[in-house]
J.: 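Take this structure, written in structure tokens, and hold onto it; I'll ask about it next.
Quick caveat, the model's predicted, so the values are computed rather than measured.
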Amino acid sequence: MAQILAASPTCQMKLTKPSPIASSKLWSSVMLKQKKQNSSKLRSFKVMALQSDNSTINRVESLLNLDTKPFTDRIIAEYIWIGGSGIDLRSKSRTLEKPVEDPSELPKWNYDGSSTGQAPGEDSEVILYPQAIFRDPFRGGNNILVICDTYTPAGEPIPTNKRARAAEIFSNKKVNEEIPWFGIEQEYTLLQPNVNWPLGWPVGAYPGPQGPYYCGVGAEKSWGRDISDAHYKACLYAGINISGTNGEVMPGQWEFQVGPSVGIEAGDHVWCARYLLERITEQAGVVLTLDPKPIDGDWNGAGCHTNYSTKSMREEGGFDVIKKAILNLSLRHMEHISAYGEGNERRLTGKHETASIDQFSWGVANRGCSIRVGRDTEKKGKGYLEDRRPASNMDPYIVTSLLAETTLLWEPTLEAEALAAQKLSLKV
């Protein structure tokens, strides 16, 4: 907690009861303040207020940590869905009579879509369809988190439901046979509350220039590590396929990776991981932003690089398949850009490890390209590609399904293919 507390005293995560040492320090602090006061009534009030606050916190914590299993088979299911902005998360809880293991065992539910920007007031009911289950690290026990998508009462996906279209693409026989793998690198920025300024930064001012912060260690280089670590463990507990985490180039910015995940599972896992991060930062009193360029100037933006491969790419001769995929991606560049996140034009400038938003490029081990191929993939002649264009606020259902559609289902004309291959110096 040292990194968080150094930035703001409101960032303290109340996960455990205060230790006797911590309590002693609190009381010592109060007594020192008392000596500076002239009014005994004021001193008495402050001590009583502190006692009351600690007592209330302890009582609430004891209730939050209650184990209900010895007394009932009933569990709590937290239904989670994407709100009207397409990036905000909403959730509400309901009681189930017994533990469940599969989404098909769960009832559909509804909510007021007029309060989330997803339905008019005169016809506000939106239906939640349970799609994926994760263990609940906040409530523990048999309690669960439920990722849902959203439909009209007539059973039609509402406009913000991007999962439904993604599920159609991933259920396509040609796509399904290629077993598409995704590894998603979610970058995010932690902000101090009320001031919307990065965690650890002096308010209204700047730390030293970028360089020492990427994967950095130490109080002067790493701010927010406890949030990253808490999130990492919460994801593992929940059953999310999280594969790693690291501090990023801009201080106060972090990244976690999800995958390799197959098909629609990638989107479900990233959205649930985002939900956990929102809840953890809520508890810590820190603001989470997925803005792709939270700070203007000579500071890195935040992306959501998406690593992608198919069965054919992973087999012998796969590099040729990767090159064909790159060619297709070049011909649909602007279509992908338009779906890769709001505000991405502020990030994709050709600087700070990005390519220009207007120009498609690819390269081996080049982080300034739209598509990067790793040295290991080039050497082995098979592997995967990394799409570096998606912004941190992208919808993983859209990005993953669009990659599969463009590389597996969409076919360019022979003329367009030849011109693109010549332009990109690709021998396909």
J.: Knowing that exactly one of Tyr308, Trp410, Trp362, Phe360 qualifies, which makes a side-chain contact (heavy atoms from CB on, under 4.5 Å) with Leu329?
T.: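 Testing Leu329 for a side-chain contact (heavy atoms from CB on, under 4.5 Å) against Tyr308, Trp410, Trp362, Phe360 leaves exactly one candidate, Phe360.
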J.: Report yes or no: does Arg347 contribute a side-chain atom to a donor-acceptor pair with the main-chain N or O of Thr354 at less than 3.5 Å?
T.: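 Not at all, since once roles are kept as given, no pair shorter than 3.5 Å links the two residues.
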J.: Could you walk me through whether Glu78 and Arg139 pass the salt bridge (Lys or Arg N to Asp or Glu O under 4.0 Å) check?
T.: CA-CA 10 Å; Glu78 190 76 18; Arg139 295 186 174 116; 2.9 Å; yes
J.: Is any side-chain N of the basic residue among Arg332 and Glu405 closer than 4.0 Å to the acidic one's carboxylate O?
T.: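 Glu405 and Arg332: salt-bridged.
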J.: Under 4.0 Å between a side-chain nitrogen and a carboxylate oxygen: does that hold for Lys351 and Asp298?
T.: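 A salt bridge is absent here (no side-chain N lies under 4.0 Å from a carboxylate O).
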J.: Within 45° of the six-membered ring axis of Tyr111 and under 6.0 Å from that ring's centre, is NZ or CZ of Arg90 located there?
T.: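 Pair Arg90/Tyr111 does not count as cation-pi.
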J.: Could you check whether Lys311 pairs with Glu178 (Lys NZ or Arg NE/NH1/NH2 to Asp/Glu carboxylate O, under 4.0 Å)?
T.: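 The answer is no: the pair does not qualify as a salt bridge.
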J.: Please name the residue in the list Leu290, Val258, Leu277 that meets the side-chain contact (heavy atoms from CB on, under 4.5 Å) test with Gln186.
T.: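 For Gln186, the side-chain contact (heavy atoms from CB on, under 4.5 Å) test succeeds with only one of Leu290, Val258, Leu277, which is Leu290.
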J.: Flag the pair Arg163 and Asp268 as a salt bridge only when some basic side-chain nitrogen lies within less than 4.0 angstrom of an acidic carboxylate oxygen.
T.: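 Answer for the salt bridge query: yes.
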J.: Under the ring pair (Phe, Tyr, Trp, His ring centres under 6.0 Å) criterion, do Trp109 and Tyr129 qualify, and how do the steps go?
T.: CA-CA 7 Å; Trp109 205 6; Tyr129 285 36; over 10 Å; no
J.: Among residues at least two apart in sequence or on other chains, which ones pass side chain to side chain contact (heavy atoms under 4.5 Å, CB included) with Glu411?
T.: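 Per chain and number, Glu411 pairs via side chain to side chain contact (heavy atoms under 4.5 Å, CB included) with Lys174, Lys324.
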J.: Under 6.0 Å from the ring centre and within 45 degrees of the ring axis: does the NZ or CZ of Lys69 meet both conditions for the six-membered ring of Phe71?
T.: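 No, cation not above the ring by the 6.0 Å, 45° rule.
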J.: For Ser228, enumerate each residue passing the side chain to side chain donor-acceptor pair (under 3.5 Å) test, keeping only those at least two apart in sequence or located in another chain.
T.: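 In terms of side chain to side chain donor-acceptor pair (under 3.5 Å), with neighbours along the sequence ignored, Ser228 is linked to Thr245.
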J.: Name all residues meeting the side chain to side chain contact (heavy atoms under 4.5 Å, CB included) criterion together with Ala355; count only those two or more places apart in sequence or in a different chain, and write none if there are none.
T.: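 For Ala355 the side chain to side chain contact (heavy atoms under 4.5 Å, CB included) partners, ignoring immediate neighbours, are Ser361, Ser370.
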J.: The test is side chain to side chain contact (heavy atoms under 4.5 Å, CB included); show your working for Trp181 and Arg314 and say whether it passes.
T.: CA-CA 10 Å; Trp181 287 3; Arg314 297 187 294 268; 3.2 Å; yes
